[in-house]
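We're numbering straight along the sequence, starting at 1. Fair warning: this is a prediction, and the values are worked out from it, not measured in the lab.
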Amino acid sequence: MPSAPAADWREGWRALAELGVTGFCVPEEKGGIGLRADAAVAVATELGAALHGSPYAGLAASARVLALADDPVADQVLSGVLSGERVCGFGRLSGDGRVARLVDGVAHSDALVLLEQDGDGATLLLDPLDWSADARHHGFDVSRTCADVTVVPGQGRRLVVPAVAVAVDLYELLLAADTVGSAHRMLERTVTYAGQRRSFGRPIGGFQAVQHRLVDHSVRVRGMTLVVTEAARLLSAGSSRARRWVAVAGSSTGAGAPHILHDLLQLSGAIGFTWEYGLHFHQRRVHQNARLAANPRGALRALADLEGWTDAR
């Protein structure tokens, strides 16, 4: 088992890109495979389990935006993203259009796609000199880099992106899938530990109090997996119900996974908190995923809006 996350994930990234992982949600005419959210979810799940340092959710979402923009400069950046030569971060601008909070992978990005708060516009930044990044308040997750970005005045190329909401749904869904991957891996390791760690002459997994907690968590993680899988199916099919299921997936994983992983960490005893054993890396990661996806409360608000509950008097 890895003790700490690998520092330089870009070393093997081009090999992964050659397998097509960056193009699952890019139309075929742009060099991708089409809107295969199910395949992208499978990749995100495994990357989360492996504590991979890439900003995969943002890469996939930015590739989708670049493909939809119908802009020659965007096409050039997209070509680099698909080949693995370039890394394009993804974020959402605040109302003033200058600041984007919690942009994943900024330290390794050579381009950024920042969505406008309202409408179908986005800003494409082509050089790290076009922005400044402040990571001081976002170091909790040590498996990836994250920072607040301030755009240099006058820099950036404006893109008009039809159906930009699909890219946002894809981003939030892949973050949920990443969380599911971390939850599965931490559950597997805790079950293995419970079968090996002995107390009072028997494995701690032999005590019903431990067994019941592990079974409960297994059922909850399975439920999250099913929700994410259904959201991916609907998004791939272009269903009008996809946004609703993405919101459910974001709420389920964002609110539920941190509590599950916290209890799994407790069940692993003191060793789970050590840097060498590394279970706490997964807990840090799922907390960060919830923040990147606009937090569970935001997902619940989105779901309430879709269902019309916010209009009730």
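At least one side-chain heavy atom of D104 sits less than 4.5 Å from a side-chain heavy atom of R144. You'll find the side chain of L66 stays beyond 4.5 Å of the side chain of D75, heavy atoms only. Side chains of P27 and R64 form a contact here, defined as non-hydrogen atoms less than 4.5 Å apart. W9 has its side chain out of reach of S143: every pair of non-hydrogen atoms, C-beta onward, lies at least 4.5 Å apart. The closest side-chain heavy-atom distance from T123 to L93 is below 4.5 Å. At a threshold of 4.5 Å between non-hydrogen side-chain atoms, the residues M186 and R189 do not count as touching. T190 is listed as a side-chain neighbour of L279, based on a closest heavy-atom distance under 4.5 Å. V41 has its side chain out of reach of T229: every pair of non-hydrogen atoms, C-beta onward, lies at least 4.5 Å apart.
In this structure, L261 CG and L265 CG are separated by 8.0 Å, a value rounded to the nearest 0.5 Å. To the nearest 0.5 Å, atoms CG (L51) and NE2 (H282) are separated by 4.0 Å. Atom OG of residue S182 and atom CG of residue L187 lie 12.0 Å apart, to the nearest 0.5 angstrom. Note that CG of D263 is 9.5 Å distant from CG of D216, once rounded to the nearest 0.5 Å. Going from atom CD of E85 over to atom OG of S79 covers 7.0 Å, rounded to the nearest 0.5 Å. With values rounded to the nearest 0.5 angstrom, W245 atom CH2 is found 14.5 Å from D169 atom CG.
I271 is connected to V210 through a chain of hydrophobic side-chain contacts under 4.5 Å among Ile, Leu, Val, Met, Phe, Trp and Tyr, so both are in one cluster. Under a hydrophobic-cluster definition in which Ile, Leu, Val, Met, Phe, Trp and Tyr are linked whenever side-chain heavy atoms come within less than 4.5 Å, directly or via other members, V77 and Y56 are assigned to the same cluster. Taken together through direct or relayed side-chain contacts under 4.5 Å among Ile, Leu, Val, Met, Phe, Trp and Tyr, L159 and V73 form part of one hydrophobic cluster. Placement of V161 and L112 in two distinct hydrophobic clusters is found when ILVMFWY residues are connected by side-chain heavy-atom separations under 4.5 Å, directly or transitively.
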Legend entry - Pair L68-V164, side-chain contact (heavy atoms from CB on, under 4.5 Å): steps then yes or no: CA-CA 8 Å; L68 295 175; V164 70; over 6 Å; no
Inset, instruction - Would you sort out whether Y193 and L264 count as a side-chain contact (heavy atoms from CB on, under 4.5 Å), showing the intermediate values? - result: CA-CA 10 Å; Y193 176 82; L264 291 175; over 6 Å; no
Inset, instruction - For side-chain contact (heavy atoms from CB on, under 4.5 Å), just list the numbers for F140 and Q288, CA-CA rounded to whole Å, side-chain angles, deciding distance to a tenth of an Å, and then say yes or no. - result: CA-CA 8 Å; F140 184 64; Q288 187 76 312; 5.6 Å; no
Inset, instruction - In sequence, state the C-alpha distance, the side-chain angles, and the governing distance for H259 and H262, and then conclude on side-chain contact (heavy atoms from CB on, under 4.5 Å). - result: CA-CA 5 Å; H259 294 291; H262 174 76; 5.6 Å; no
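Under a 4.0 Å N-O distance rule, the pair R284/D141 does not qualify as a salt bridge. Using a cutoff of 4.0 Å between basic side-chain nitrogens and carboxylate oxygens, E172 and R92 are scored as salt-bridged. The pair R98-D96 fails the salt-bridge criterion, with no side-chain N (NZ, NE, NH1 or NH2) lying under 4.0 Å from an Asp/Glu carboxylate O. Between D8 and R10, none of the side-chain N atoms (NZ, or NE/NH1/NH2) sits under 4.0 Å from a carboxylate O, so this pair counts as no salt bridge. We find that D71 and R157 are joined by a salt bridge, their nearest charged nitrogen and carboxylate oxygen being less than 4.0 Å apart.
A pairwise comparison of heavy atoms in L173 and A232 identifies CD2-CA, 3.7 Å as the closest pair. In this structure, S62 and G89 approach most closely via the heavy-atom pair CB-O, 3.9 Å. The two atoms that bring V246 and A231 nearest to each other are N-CB, 4.0 Å, heavy atoms only. Between I204 and L267, the shortest heavy-atom contact is CD1-O, 4.0 Å. Nearest heavy atoms, L59 versus C88: CD2-N, 3.5 Å. Between V26 and A67 the shortest heavy-atom distance is CG1-CB, 3.9 Å.
Side chain of R198 to main chain of G201: a donor-acceptor pair is present (N/O by atom type, distance under 3.5 Å, no hydrogens or angles). Looking only at distances, a side-chain donor or acceptor of S236 sits under 3.5 Å from a matching main-chain atom of A37. Counting only distance, with no hydrogens or angles, the side chain of H280 and the backbone of T274 share a donor-acceptor pair below 3.5 Å. Remark: the backbone N or O of A247 is not paired with any side-chain donor or acceptor of S251 at under 3.5 angstrom. A donor-acceptor distance shorter than 3.5 angstrom exists from the side chain of S94 to the backbone of V99, with no hydrogens or angles considered. Formation of a donor-acceptor pair under 3.5 Å by the S252 side chain with backbone atoms of V248 is not found in this model. Panel note: side chain T192, backbone E188; a donor-acceptor pair is recorded below 3.5 Å. Between the side chain of R86 and the backbone N or O of G80, no donor-acceptor pair lies under 3.5 Å. With hydrogens and angles disregarded, a donor-acceptor distance shorter than 3.5 Å links the side chain of Q211 to the backbone of G205.
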Return all side-chain donor-acceptor pairs below 3.5 angstrom for residues 15-23, not counting sequence neighbours, or 'none' if the list is empty.
from	atom 1	to	atom 2	distance (Å)
T22	OG1	V81	O	3.4
T22	OG1	L82	O	3.3

Throw together a table of side-chain donor-acceptor distances under 3.5 angstrom for residues 146-156, partners on residues two or more places apart or in other chains.
from	atom 1	to	atom 2	distance (Å)
D148	OD1	L102	N	3.0
D148	OD1	H138	NE2	2.9
D148	OD2	H138	NE2	3.1

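Of the residues V103, D178, L175, the one that meets the side-chain contact (heavy atoms from CB on, under 4.5 Å) test with L292 is L175. In summary, of the residues considered (V113, V65, D130, L114), a side-chain contact (heavy atoms from CB on, under 4.5 Å) with L124 occurs for V113 alone.
More than 12 non-hydrogen atoms from other residues, nucleotides or ligands lie less than 6.0 angstrom from CG of D134. Around the CD atom of E29, the shell of radius 6.0 Å holds more than 12 heavy atoms that belong to other residues, nucleotides or ligands. Taking a 6.0 Å sphere around CZ of R158, one finds it holds more than 12 heavy atoms contributed by other residues, nucleotides or ligands.
The aromatic rings of Y171 and F90 sit tilted relative to each other, their planes meeting at an angle between 30° and 60°. Using the six-membered ring where Trp is involved, F207 and F200 have ring planes that are perpendicular, over 60° apart on the 30 and 60° scheme.
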